[in-house]
Number of protein chains: 2
Amino acid sequence: MSANDPLKDTELTFLLGMAFQLALAEFVRRLDAEGYDDLRPVHGLAFQAIGAGGITSTELATRLGVTKQAAGQIVTYLEGRGYVRRDEHAAGGRRRLVVLTDQGREHLAVAGRTLHALERRVGAELGEGGVDLLREQLAVLIRELSEGDPPPLRPTW
Amino acid sequence: MSANDPLKDTELTFLLGMAFQLALAEFVRRLDAEGYDDLRPVHGLAFQAIGAGGITSTELATRLGVTKQAAGQIVTYLEGRGYVRRDEHAAGGRRRLVVLTDQGREHLAVAGRTLHALERRVGAELGEGGVDLLREQLAVLIRELSEGDPPPLRPTW
DNA sequence: CGCACGAGTAAAGCACCTTTACTTTTGAGC
DNA sequence: GCTCAAAAGTAAAGGTGCTTTACTCGTGCG
């Protein structure tokens, strides 16, 4: 019943954790190999959140589920590395719009390709429905537990 | 295509992360409500790893993917709280066998019930195949990315 | 009986986030 | 126009929890 497959006895919550950490570790490992060894996992989330349109530090903080000071530190780090820039914000005020530099956009593209390659690799092993079915199931779970808007993806437990 | 459902545009890796963190947060929230507010997520993993048979600190360290010092600190904390005990180890040496106390076993039982309730709640929302299909897909993903034995579930990214 | 090895412990270091406290800019109400 | 609350951002210290470095203890092998 169990001796031959420890995963059978592992709680769903922990299966999710293992799957996440393995996927993330593989993602970071590949990026390291591409020369992005100055970026931590949380930076990947930041890049996704900044995206094409830019974002304010405070909004980034919300998306990452951390304080705005922490978000500010992350932005400063990425700025120092040349991945992002603090521009004027159209809405004025004290606001600054954090946008990707060319280098940042390039990284985002590489990260996207890497994640998609990973997804394809996993999809090839999944049975019928493939990765789309898994995605849909995860979406159902997320909607059920978050009761509405997508939750922040915090860098620590 | 996307404006109405941000999850559609979210990378699989990050969906896994959100699902994991939501499930874990709900788990901890329920345990808090039951009076276990002295326990952090990593302790849940420790309880699972110690289980019925006990474990050594070093083995626990491996399972959690941390140093043995960190594992020792966790054990000391749980010991101080009355959840575990350091017994003699049958194999002798400097080894100590970390085992659950009655209080620890009770917590493990409560945690198990809580996780199963969570799993049922999610399962009710999932379509055909239900939670078993999701578990199997996650197992496939984990086996693919870990190439063999189940990976540690580290407390930080 | 000497010694390497593995378990465990101790203490300092450090990474990364939070807390507390402040400044700057805007806009709404009187 | 002036006041002031609200929100963005910044600064600096604090804290948690892990790692690093370095050690001790017990065993078994030669």
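Below, chains carry the letters A, B, ... as their sequence lines are ordered, and counting in each starts from 1.
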For C/dT9, take OP1 and OP2 only and decide whether either is under 4.0 Å from a side-chain N or O of B/Arg95. no

On DNA chain D, more 5' by nearest nucleotide between B/Gly92 and B/Arg154 is B/Arg154

Give the rounded distance in Å between these two atoms: CD of A/Gln69 and P of C/dC22. 14 Å

Residues B/Arg143 and A/Glu125 bridged, charged N to O under 4.0 Å: no

Rounded to whole Å, please give me the gap between OH in A/Tyr77 and P in C/dA15. 11 Å

Pairs involving residues 88-99 of chain A, ordered by first then second residue, that meet salt bridge (charged side-chain N to carboxylate O under 4.0 Å, His left out) (sequence neighbours left out): none

DNA chain C: 5'-proximal contact among A/Ile74 and B/Lys68 (nearest heavy atom): B/Lys68

At 4.0 Å (heavy atoms only), tell me whether A/Gly72 reaches a base, stays on the sugar-phosphate, or touches nothing. nothing

Just verifying a value: how many Å separate B/Leu39 CG and B/Arg81 CZ, rounded to the nearest 0.5 Å? 8.0 Å

Between P on C/dT26 and NE2 on A/His89, what's the gap in Å once rounded to a whole number? 13 Å

Measure CD/A/Glu88 against P/C/dT26 and give the value in whole Å, please. 11 Å

With a 4.0 Å cut-off on N to O distance, would you call A/Glu79 and A/Arg86 a salt bridge? yes

5'-most by nearest nucleotide on DNA chain C - B/Arg94 or A/Gly65: B/Arg94

Any donor-acceptor N or O pair under 3.5 Å, side chains B/Tyr83, B/Asp102: no

Find the distance A/Leu64:CG to C/dT18:C1' and express it as a whole number of Å. 15 Å

Could you give the CZ-to-C1' distance, from B/Arg96 to C/dG6, as a whole number of Å? 16 Å

Could B/Glu34 and B/Arg30 be called an ion pair, given the rule that one side-chain N must be under 4.0 Å from one carboxylate O? no

Base, sugar-phosphate or nothing for B/Thr67? Non-hydrogen atoms, less than 4.0 Å. base

d(CD, A/Gln73; C1', C/dT18) in whole Å: 10 Å

Just the endpoints, please: which first and last nucleotides of DNA chain D, 5' to 3', lie under 4.0 Å from a heavy atom of chain A? D/dA8 to D/dA11

Note: A/Arg120-B/Glu144 ion pair, threshold 4.0 Å (strictly below): no

For C/dG8, take OP1 and OP2 only and decide whether either is under 4.0 Å from a side-chain N or O of B/Thr58. yes

For atom CD of B/Glu59 and atom P of C/dG6, their distance in whole Å: 15 Å

